[in-house]
J.: 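The structure's right below; bear with me while I get my questions together.
Whatever order the structure lists ligands and atoms in, that order sets their numbers, starting from 1. Reckoned from all heavy atoms, side chains included, excluding hydrogens, waters and symmetry mates.
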Amino acid sequence: MNQIETDVLIIGAGPAGSVAASILQREGFRVLVVEKQQFPRFVIGESMLPISMNLLADAGLLEAVQQQNFMRKNGAVFLRGDEVCNFDFSSQFTDGWNFTYQVPRADFDKTLADTVAARGVEILYRHGVTTVKFEPTHAAATIEKPDGTKFEVKAKFIFDASGYGRVLPRLLDLETPSKFPQRAALFTHITGDIRPAGSEEGKIWVCLHPQGAWIWIIPFSNGKTSVGVVAGAEFFDQFPGELDAQLRAILTSDPNAAKRLAKMEFAMPAQRISGYACSVKQLFGERFVLVGNATEFLDPVFSSGVALALASSQRAAKILVRQLRGETVDWQTEYADHVMQGINTFRAYVAAWYDDKLPTIFFAANRNPDIMRQICSVLAGYVWDKSNPYVAQADRALGLLAKILKR
Ligand SMILES: Cc1cc2nc3c(=O)[nH]c(=O)nc-3n(C[C@H](O)[C@H](O)[C@H](O)COP(=O)(O)OP(=O)(O)OC[C@H]3O[C@@H](n4cnc5c(N)ncnc54)[C@H](O)[C@@H]3O)c2cc1C
């Protein structure tokens, strides 16, 4: 079998893969990215968080994104019947970006990948990693080409940015079930969205469906809008029929979505995915690290996936640069603990969303503006700002607040 050598092999050219490639290549290391699909390719996960702007800028990728004319997103609106909770990122507690973008991921991911490729990173599309082995001096991966033949890549280190592919968790038996119940998402892109006017146009809408589900509405600048519903299996059983009919029935049975989507036409067939919540036993090992969705995926409700993918990948790439230069690094404290701080903050919010604490807080009649600013920063992705009590003690703070508001 033919063999090629590189410093770092990156599995996957999604946002996590491109950020790592950009940082490592900039620091002078040889990087090879292996991507199973041909870009542009569809992937779900289209609403970004403002912290992603910091992370893209740091990786030298923000300018390329800003040139794409994506829809500006300056907040999030939660709706339940007649009740509305409108967050604007300009009023958040943490000093951070007050807007970000809603992005069709086919275009966004291709923009990032093309930008790093233009700087000299080799990306092999339609190539998949099938096996890995770790030797004392190097790591080796078998790569399958589009014609089915194989070759070996010898690398000093492997970055697993394979997202839902979860290549190393599967090959190294690192997978462990998520503690969240398994939910499903049914979604499509539509035209005919009757959008709010002005600066409200680009905000994500999250509608709490009266029968126990939530709906996302994410407007793009290309005239299309991403719509989807997330719920447990028993919710979907109430809406029989093919996926398109099922999704249409769900969207039109929520009062807020029904009004906004009264003129919708589906721009692609509805898709359903389930069982996406997942976790791993460890985030790193000798000569490898897991980044982005290859680590843990919680839930889509707070649009945290891409932000966590960028943040974990940036962090890991910077630690690896130091390690490859001969410094001693501590992957546990510098990487795993840091990444888990972000994941665990979002975990507290996801749990509070589904056990009704957050809806209680969001739709309370007497919301405290200072507290809402602190929660807004979490919704903007600033989950490492421990000066924010709704980050530092997320679980406790949300629990106490919901209890007081319920009295
Ligand atoms: C229903 C739903 C809605 C979501 N909504 C949002 C949202 O609004 N906002 C948000 O931020 N996140 C959202 N997410 C999460 C988001 O999809 C992910 O967190 C994000 O895509 C992770 O990026 P990544 O770079 O880690 O992986 P990916 O974007 O999945 O990229 C991984 C790449 O690795 C490649 N790959 C896989 N296997 C192999 C292999 N064997 N060899 C080579 N390459 C391989 C894949 O082809 C893929 O291109 C949502 C998730 C779900 C399930």
Side-chain angles (χ1 to χ4, degrees), residues 9-21 32-52 55 73 76 100-106 108-110 112-113 123-132 141-145 153 158-171 178 182-188 204-206 214-218 220 226-231 271-278 290-314 316 343 346 379 381:
L9 171 66
I10 298 175
I11 311 173
S18 288
V19 157
L32 176 66
V33 182
V34 174
E35 166 55 56
K36 205 170 177 179
Q37 300 186 58
Q38 183 62 54
F39 277 22
R41 57 93 177 86
F42 177 87
V43 65
I44 196 66
E46 298 146 327
S47 191
M48 298 218 304
L49 302 185
I51 195 174
S52 296
L55 297 160
K73 169 190 174 186
T100 182
Y101 298 112
Q102 313 281 25
V103 295
R105 287 286 301 281
F108 177 73
D109 290 18
K110 187 170 185 319
L112 300 185
I123 304 179
L124 298 177
Y125 290 102
R126 296 173 60 222
H127 284 63
V129 171
T130 57
T131 67
V132 287
T142 310
I143 315 291
E144 190 172 296
K145 294 192 205 175
V153 174
I158 298 181
F159 246 77
D160 186 359
S162 63
Y164 302 105
R166 304 175 64 74
V167 173
L168 292 189
R170 286 193 174 134
L171 291 175
S178 165
Q182 288 299 343
R183 298 185 172 89
L186 178 62
F187 52 88
T188 190
I204 184 173
W205 272 26
V206 176
W214 62 271
I215 290 166
W216 78 70
I217 302 179
I218 299 172
F220 299 138
S226 173
V227 293
V229 57
V230 175
Q271 295 184 33
R272 179 183 163 123
I273 53 172
S274 57
Y276 39 75
C278 52
L290 312 180
V291 294
N293 255 32
T295 60
E296 170 151 3
F297 181 68
L298 299 167
D299 188 272
V301 66
F302 297 117
S303 309
S304 56
V306 171
L308 289 171
L310 301 176
S312 56
S313 196
Q314 177 219 43
I343 290 178
F346 276 119
L379 303 186

J.: For atom 4 (C) of ligand 1, which protein heavy atom lies nearest, and how many Å away is it?
T.: P300 CB, 3.5 Å

J.: Using heavy-atom distances, let me know which of L308, V167, I273 sits nearest atom 41 (N) of ligand 1.
T.: V167

J.: Provide the number and element of each atom of ligand 1 under 4.0 Å from a heavy atom of V306.
T.: 10 (C), 11 (O), 12 (N), 19 (O)

J.: Is it the case that over 12 heavy atoms from other parts of the model lie below 6.0 angstrom from the CZ atom of R170?
T.: yes

J.: Relative to ligand 1, is F187 under 4.0 angstrom through side chain, backbone, both or neither, heavy atoms considered?
T.: neither

J.: Which ligand 1 atoms, with their elements, are less than 4.0 angstrom from a heavy-atom of S303?
T.: 7 (C), 8 (O), 9 (N), 10 (C), 11 (O)

J.: Of all heavy-atom pairs between I204 and Q102, which one has the smallest distance, and what is that distance?
T.: N-NE2, 3.4 Å

J.: Which residue and non-hydrogen atom of the protein lie closest to atom 20 (C) of ligand 1, and at what distance in Å?
T.: R105 NH1, 3.7 Å

J.: How far apart are the closest heavy atoms of V291 and A316, and which atoms are they?
T.: CG1-CB, 3.8 Å

J.: Would you say the side chains of E46 and S226 form a donor-acceptor pair under 3.5 Å?
T.: yes

J.: For a quick test of reading the model, state the closest non-hydrogen atom pair linking A141 to V129 and the distance between them.
T.: CB-CG1, 4.3 Å

J.: Please report the interatomic distance CG(D160) to CD1(I11), rounded to the nearest 0.5 Å.
T.: 4.5 Å

J.: If hydrogens are left out, which of D109, I44, V229 has an atom nearest to atom 17 (O) of ligand 1, that is, the closest non-hydrogen atom?
T.: I44

J.: Check G292 against A16 and note the closest heavy-atom contact, atom names and distance.
T.: CA-CB, 4.2 Å

J.: Closest heavy-atom contact between A294 and P169?
T.: O-CG, 3.4 Å

J.: What atoms of ligand 1 come within less than 4.0 Å of a heavy atom belonging to G292?
T.: 26 (O)

J.: Please verify whether a non-hydrogen atom of Q37 lies at under 4.0 Å from ligand 1.
T.: yes

J.: Please compare E35, H127, K36 and report which has the shortest non-hydrogen distance to atom 46 (C) of ligand 1.
T.: E35

J.: Near A161, which atoms of ligand 1 are under 4.0 Å from a heavy atom of that residue?
T.: 32 (C), 33 (C), 34 (O)

J.: Below 4.0 angstrom from a heavy atom of A185, which ligand 1 atoms are there? Numbered from 1 as shown, please.
T.: 1 (C)

J.: Is there any N or O on S304 that sits under 3.5 Å from an N or O of ligand 1?
T.: no

J.: Suppose I only count heavy atoms of G14 and a 4.0 Å limit; which atoms of ligand 1 are within that range?
T.: 25 (O), 31 (O)

J.: Output, in order, the C-alpha distance, side-chain angles, deciding distance and verdict of side chain to side chain contact (heavy atoms under 4.5 Å, CB included) for K73 and L49.
T.: CA-CA 8 Å; K73 169 190 174 186; L49 302 185; 3.8 Å; yes

J.: Nearest protein heavy-atom contact for atom 27 (O) of ligand 1: which residue, which atom, what distance?
T.: G163 CA, 3.3 Å

J.: Among S162, G165, G45, which one has a heavy atom closest to atom 36 (N) of ligand 1?
T.: S162

J.: What do you reckon, does W216 have a nitrogen or oxygen under 3.5 Å from a nitrogen or oxygen of ligand 1?
T.: no

J.: Using every non-hydrogen atom in the two residues, find where A277 and Q182 come nearest and quote the distance to one decimal.
T.: O-NE2, 3.1 Å

J.: With atoms numbered from 1 as shown, which atoms in ligand 1 lie under 4.0 angstrom from a non-hydrogen atom of S47?
T.: 7 (C), 8 (O), 9 (N), 10 (C), 11 (O)

J.: In terms of ring plane angle, is the pair F42 and F187 parallel, tilted or perpendicular, where the classes change at 30° and 60°?
T.: parallel

J.: Which of the listed options, Y276, Y164, F108, holds the heavy atom that is closest to atom 51 (C) of ligand 1?
T.: Y164

J.: What protein heavy atom is closest to atom 42 (N) of ligand 1, reported as residue, atom name and distance in Å?
T.: V129 N, 3.0 Å

J.: Can you tell me how far apart CD1 (I10) and OG (S162) are? Round to the nearest 0.5 Å.
T.: 12.0 Å

J.: Looking at atom 23 (O) of ligand 1, what's its closest protein heavy atom, distance included?
T.: A309 CB, 3.8 Å

J.: Calculate, to the nearest 0.5 Å, the distance between atoms CZ and CG belonging to F346 and L379 respectively.
T.: 7.5 Å

J.: Would you mind listing which atoms of ligand 1 come within a distance below 4.0 Å of any non-hydrogen atom of A16?
T.: 25 (O), 26 (O)

J.: Quick one: look up the protein heavy atom nearest atom 18 (C) of ligand 1 and list residue, atom name and how far away it is.
T.: N293 OD1, 3.4 Å

J.: Is there a ring-ring contact (aromatic ring centres under 6.0 Å, His included) between F39 and Y125 once you walk through the steps?
T.: CA-CA 7 Å; F39 277 22; Y125 290 102; 5.1 Å; yes

